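Presented below is the structure to which this report refers.
Scope of the values below: all heavy atoms of this structure, side chains included, with no hydrogens, waters or symmetry mates. Since the model is a prediction, treat every value here as computed from it, not as a measurement.
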Amino acid sequence: MAAGLLVPVAATGAAADDAVMFRVTDPRITEASGLAVSARHPGVVYTHNDSGGLPVIYALGPDGRTRAALRLAGATARDWEAMATGRDERGRPCLFVADIGDNLGGAWPYVTVYRIPEPAELRSQTVRATAFRFKYEDGPRNAETMMIDPRTNRLYIASKLFGASLYAAPAKLRTRGFNTLRKVGGAPTIATDGAFAPDGRSFVIRTYFGARLYTMKTDGKPGKSLGSLALPAQKQGESITYTRDGAAVLVGSEGADQPVYRVPLDPELRPAAPSPSTSPRKDTKAENGRIDASGRRVALALILGIAALVGYGLVRRKS
């Protein structure tokens, strides 16, 4: 990743067009440390508390009020720091929450990410969680950022302190043993959260001071920096996610009765759509039946047409 990724991004405060989407007024939510926009329920945003609380994900409506509390059976909330939407093995929408914090900077030999199916009906309930355990290839570390690429469903974690790095999980996660996180690039110092854009072609990582956006290459490695983004002044900014249309990011903070801001993205912070000449080629193997069949039909039509013309010519010559 670009060298600039290793430099903290300073923010000048809220821009004139930043807007408060809602305030988190639920008294149970005092350390909101993650945000994720629902894949199934328009206008719904999920969040969770930081360390020492119950293993609960809260579904917030457009007005900020809690519409459901999802308790994760089989999970503990040692130091939850981030969340993201993704899919399970069958492609169904799921919520991932990351128990990856380590304020002692390496005291925990492994970290855990929990997955639950996103409910079709929003109501408070207990949901059985699937646990995935992870180890870093270069030893334990503190982290507060977890992201999932919507194109590949691959999970990424960014460490937090100086000399921070971005790590990629295996393409397919296993519930037995450990999944190894391998370094694929750098990360901003004091990274507190991150998220992928809805199209997966870029991602954002925030700090307490601001955010920076990057492209994501098709090989699963980070690309160039798109630029920095000033964020509103917050009590302790530890969460960020994209809106469903990718035109803005939502940012939140720890603390009671905190606002969630919508920060629009300038065009230069959103990678240009690939031109038709550079678009990935379709997998012809998956369409061979259709392509071959249509090709044979065209060829047959041409042969019949030529034969008809030849036959017509012979008839006219004889007459």
Side-chain angles (χ1 to χ4, degrees), residues 22-103 108 110-134 143-148 153 155 157 169 173-176 179 192-193 195 236 238-241 250 252-258 260:
F22 55 79
R23 301 189 77 89
V24 181
T25 58
D26 190 325
R28 296 172 295 180
I29 307 172
T30 58
E31 291 190 299
S33 191
L35 279 178
V37 171
S38 170
R40 304 191 72 165
H41 306 285
V44 169
V45 176
Y46 295 99
T47 191
H48 61 80
N49 280 316
D50 201 328
S51 59
L54 297 173
V56 176
I57 294 173
Y58 299 91
L60 308 179
D63 58 358
R65 295 183 180 180
T66 299
R67 294 183 56 183
L70 308 175
R71 183 157 186 167
L72 278 61
T76 58
R78 179 185 58 81
D79 196 352
W80 285 15
E81 292 291 356
M83 68 179 307
T85 56
R87 305 181 299 276
D88 65 10
E89 296 82 2
R90 297 172 58 184
R92 296 172 297 188
C94 290
L95 303 174
F96 292 74
V97 61
D99 194 348
I100 56 175
D102 187 349
N103 292 325
W108 297 94
Y110 67 87
V111 294
T112 306
V113 174
Y114 298 102
R115 184 190 73 193
I116 63 169
E118 183 177 3
E121 177 188 356
L122 279 182
R123 58 180 177 82
S124 295
Q125 57 187 292
T126 298
V127 185
R128 173 60 57 180
T130 300
F132 303 99
R133 295 187 296 175
F134 296 86
E144 295 188 3
T145 302
M146 187 267 294
M147 314 179 292
I148 295 178
N153 208 44
L155 184 148
I157 290 176
L173 301 180
R174 59 180 182 174
T175 55
R176 291 187 177 183
N179 299 274
T192 61
D193 201 10
Q236 188 172 332
E238 290 202 6
S239 57
I240 192 167
T241 190
L250 304 180
S253 171
E254 291 193 3
D257 194 33
Q258 289 297 301
V260 170

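From Thr145, atom OG1 reaches atom CD1 of Ile157 across 9.5 Å, with rounding to the nearest 0.5 Å. Atom CZ in Arg115 sits 9.5 Å away from atom CD1 in Ile148 (nearest 0.5 Å). Note: Tyr46 OH to Leu70 CG = 6.5 Å, rounded to the nearest 0.5 Å. Interatomic distance, CG of Asn49 versus CD of Glu81, reported as 11.0 Å (0.5 Å rounding). Tyr110 contributes atom OH, which lies 12.5 Å from atom CG of Asp102 (distance to the nearest 0.5 angstrom). With values rounded to the nearest 0.5 angstrom, Thr112 atom OG1 is found 10.5 Å from Ile100 atom CD1.
At a threshold of 4.5 Å between non-hydrogen side-chain atoms, the residues Thr85 and Val37 do not count as touching. When side chains are defined from C-beta on, Asp79 counts as touching Asp99, because their heavy atoms get closer than 4.5 Å. Between Thr66 and Arg28 the shortest side-chain heavy-atom distance falls below 4.5 Å. Taking the side chain as every heavy atom from C-beta outward, Val127 and Leu95 never approach each other to under 4.5 Å. A 4.5 Å side-chain heavy-atom check between Asp193 and Glu238 finds every atom pair outside the cut-off.
In this structure, Arg78 places its CZ atom where more than 12 heavy-atom neighbours from other residues, nucleotides or ligands lie under 6.0 Å away. Within a 6.0 Å sphere centred on CZ of Arg40, other residues, nucleotides and ligands contribute more than 12 heavy atoms.
The shortest heavy-atom contact between Ala36 and Met83 is CB-CG, 3.9 Å. Here the shortest heavy-atom pairing between Met147 and Ala195 reads SD-N, 3.3 Å. Here the shortest heavy-atom pairing between Pro117 and Cys94 reads CA-SG, 3.9 Å. Residues Asp50 and Glu254 approach most closely at OD2-OE2, 2.6 Å, considering heavy atoms. Of all the heavy atoms in Trp108 and Gly101, the pair that sits closest is CD1-O, 4.3 Å. Across Leu122 and Ala59, no two heavy atoms sit closer than the pair CD2-CB, 4.0 Å.
Between Glu144 and Thr192, the side chains place no donor N or O within less than 3.5 Å of an acceptor N or O (distance only, hydrogens not considered). Under the 3.5 Å distance criterion, with hydrogens and angles disregarded, a donor-acceptor pair is assigned to the side chains of Ser38 and Glu118.
Put simply, the side chain of Arg23 gets close to the backbone of Asp257: a donor and an acceptor are under 3.5 Å apart. Judged by distance alone, with hydrogens and angles left aside, the side-chain atoms of Ser239 form a donor-acceptor pair with the main-chain N or O of Gly252 at under 3.5 Å. Formation of a donor-acceptor pair under 3.5 Å by the Thr47 side chain with backbone atoms of Leu35 is not found in this model. Checked by atom type and distance alone, the side chain of His41 pairs as donor or acceptor with a backbone atom of Pro119 at under 3.5 Å.
Ring pair Trp80/Tyr114 is tilted by interplanar angle, where 30° to 60° counts as tilted.
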message: Asn179 vs Val113, test: side-chain contact (heavy atoms from CB on, under 4.5 Å). Steps then yes/no.
response: CA-CA 11 Å; Asn179 299 274; Val113 174; over 6 Å; no
